[in-house]
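Everything numeric in this text was worked out from a predicted model, so none of it was measured. Sequence positions, counted from 1, serve as the residue numbers for this chain.
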Amino acid sequence: RMSAINQQSAEPLATRFHDLSFPEQFLVWAIRMWLRASCQSPKLFQMLGEAFQVLGLPEAGQALDKGMCILSAGTKRDLIFFGPESECLSSDEYDFIRIISAYQAKDTQQAEAVLDTWLPLAGTRVAGAAYAEFASLMASGGFTLFKLSTPENHRQSSSGAIPPPATLLH
């Protein structure tokens with residue numbers, strides 16, 4: 001189930017969307033669009049599919065869809081994802097980049113360690129297989145993510161900035 005959240009409760013990271021590499025930006029945009037389509041407008045799934053087609057990676061879009069379906073149905077805690085137009089990154093979006101980056105680096109243990117905080121064991125295994133496939137397809141298409149450090153090293157001090165609207169996945 002997804003719902004709107006209190007915008008004050010989402011702690012943005014110092015890393016901004018425009019500071020990410022293009023593959024990282026595309027990944028964050030894709031998960032944000034998937035969530036928006038899931039919550040508000042199923043027609044957006046077509047646009048998301050077309051984006052993967054344009055990149056020549058339609059199978060990657062299908063693998064992402066599988067993983068996101070499992071995540072949205074099976075998550076055991078609230079996850080925060082901002083809207084596609086947001087410049088901020090939530091810690092969960094940052095962790096999502098870390099998951100896909102770890103799978104691309106063949107570090108299944110690290111990827112599953114993060115997924116385990118979101119999903120029960122069976123969900124981690126099934127979603128992990130879909131995300132590993134997604135990561136591999138993206139890398140083979142030239143969309144390699146950079147290894148990221150932990151989000152704790154990138155948190156903004158609370159400067160009174162109001163985070164953008166977000167979607168809560170739980």
Side-chain angles (χ1 to χ4, degrees), residues 2-41 43-57 60-61 63-65 67-69 71-72 75 77-105 107 110-111 114-115 117-118 127 130-131 134-135 137-139 141-170:
M2 297 181 211
S3 58
I5 64 162
N6 177 347
Q7 295 175 20
Q8 299 291 341
S9 68
E11 188 174 346
L13 301 172
T15 303
R16 311 293 275 178
F17 185 81
H18 73 271
D19 293 330
L20 299 173
S21 67
F22 179 73
E24 292 165 336
Q25 287 180 357
F26 183 77
L27 173 61
V28 171
W29 175 83
I31 61 172
R32 288 173 174 183
M33 288 301 291
W34 190 97
L35 288 165
R36 180 160 288 170
S38 177
C39 291
Q40 297 174 4
S41 177
K43 291 179 183 178
L44 293 176
F45 283 122
Q46 181 179 349
M47 184 173 72
L48 184 57
E50 289 171 0
F52 280 100
Q53 286 280 0
V54 167
L55 295 177
L57 301 168
L64 179 66
D65 183 58
M68 293 303 293
C69 286
L71 181 62
S72 67
T75 189
R77 73 175 183 85
D78 292 344
L79 301 175
I80 299 171
F81 295 89
F82 293 126
E85 66 287 334
S86 177
E87 182 58 28
C88 294
L89 291 177
S90 72
S91 60
D92 294 319
E93 290 170 331
Y94 193 84
D95 282 345
F96 200 92
I97 294 170
R98 288 178 50 222
I99 290 166
I100 302 305
S101 177
Y103 278 125
Q104 285 186 343
D107 189 351
Q110 177 62 35
V114 178
L115 279 174
T117 66
W118 292 355
Y131 290 136
F134 171 75
L137 290 165
M138 292 296 286
F143 286 79
T144 303
L145 304 180
F146 300 106
K147 273 287 200 189
L148 297 171
S149 58
T150 61
E152 289 76 24
N153 297 334
H154 294 281
R155 296 217 185 270
Q156 279 182 319
S157 62
S158 42
S159 59
I162 298 174
T167 299
L168 183 66
L169 175 66
H170 62 108

*Of all heavy-atom pairs between Leu79 and Thr75, which one has the smallest distance, and what is that distance?*
CD1-OG1, 3.7 Å

*Rounded to the nearest 0.5 Å, what separation is found between the CD1 atom of Ile99 and the CG atom of Leu71?*
8.0 Å

*Give, for atom OG1 of Thr144 and atom CD of Gln104, the distance between the pair rounded to the nearest 0.5 Å.*
5.0 Å

_Please confirm whether the ring centroid of Phe52 lies under 6.0 Å from the ring centroid of Phe26._
yes

*Taking the side chain as every heavy atom from C-beta outward, state whether Leu35 and Phe82 have any atom pair closer than 4.5 Å.*
no

*Checking ring-ring contact (aromatic ring centres under 6.0 Å, His included) for the pair Tyr131/Phe96: CA distance, chi angles, key distance, verdict?*
CA-CA 10 Å; Tyr131 290 136; Phe96 200 92; 5.1 Å; yes

_Using a 6.0 Å cut-off, check whether atom CD of Gln25 has over 12 heavy atoms from anything other than its own residue._
yes

*asked:* Can you tell me how far apart CG (Leu64) and CE (Met138) are? Round to the nearest 0.5 Å.
replied: 8.5 Å

*Check whether any side-chain N or O of Ser86 sits under 3.5 Å from a backbone N or O of Gly83 as a donor-acceptor pair, and report yes or no.*
no

_From Phe17, Trp29, Phe143, residue fulfilling ring-ring contact (aromatic ring centres under 6.0 Å, His included) relative to Phe22_ = Phe143

*Check whether any side-chain N or O of Asp92 sits under 3.5 Å from a backbone N or O of Phe81 as a donor-acceptor pair, and report yes or no.*
no

_Minimum-distance pair of heavy atoms, taken over all atoms of Cys88 and Arg16_ = SG-NH1, 3.1 Å

*Short question: side chain of Glu24, backbone of Leu145 - any donor-acceptor pair under 3.5 Å?*
no

_Return the CG to CG distance between Leu20 and Leu27, rounded to the nearest 0.5 Å._
9.0 Å

*Between Arg98 and Asp95, is any pair of side-chain heavy atoms under 4.5 Å apart?*
yes

*Can you name the closest pair of heavy atoms from Gly67 and Ala127 and give their distance?*
O-CB, 4.3 Å

*For the side chain of Ser72 and the backbone of Cys69, is there at least one donor-acceptor N/O pair under 3.5 Å apart?*
yes

*Between CD of Glu50 and CG of Leu44, what distance do you get to the nearest 0.5 Å?*
11.0 Å

*Pro84 and Met33: which non-hydrogen atoms are nearest, and at how many Å?*
CG-SD, 3.4 Å

*To the nearest 0.5 angstrom, please state how far the OG atom of Ser38 sits from the CG atom of Leu48.*
11.5 Å

*Check whether any side-chain heavy atom of Asp65 sits under 4.5 Å from a side-chain heavy atom of Phe45, and report yes or no.*
yes

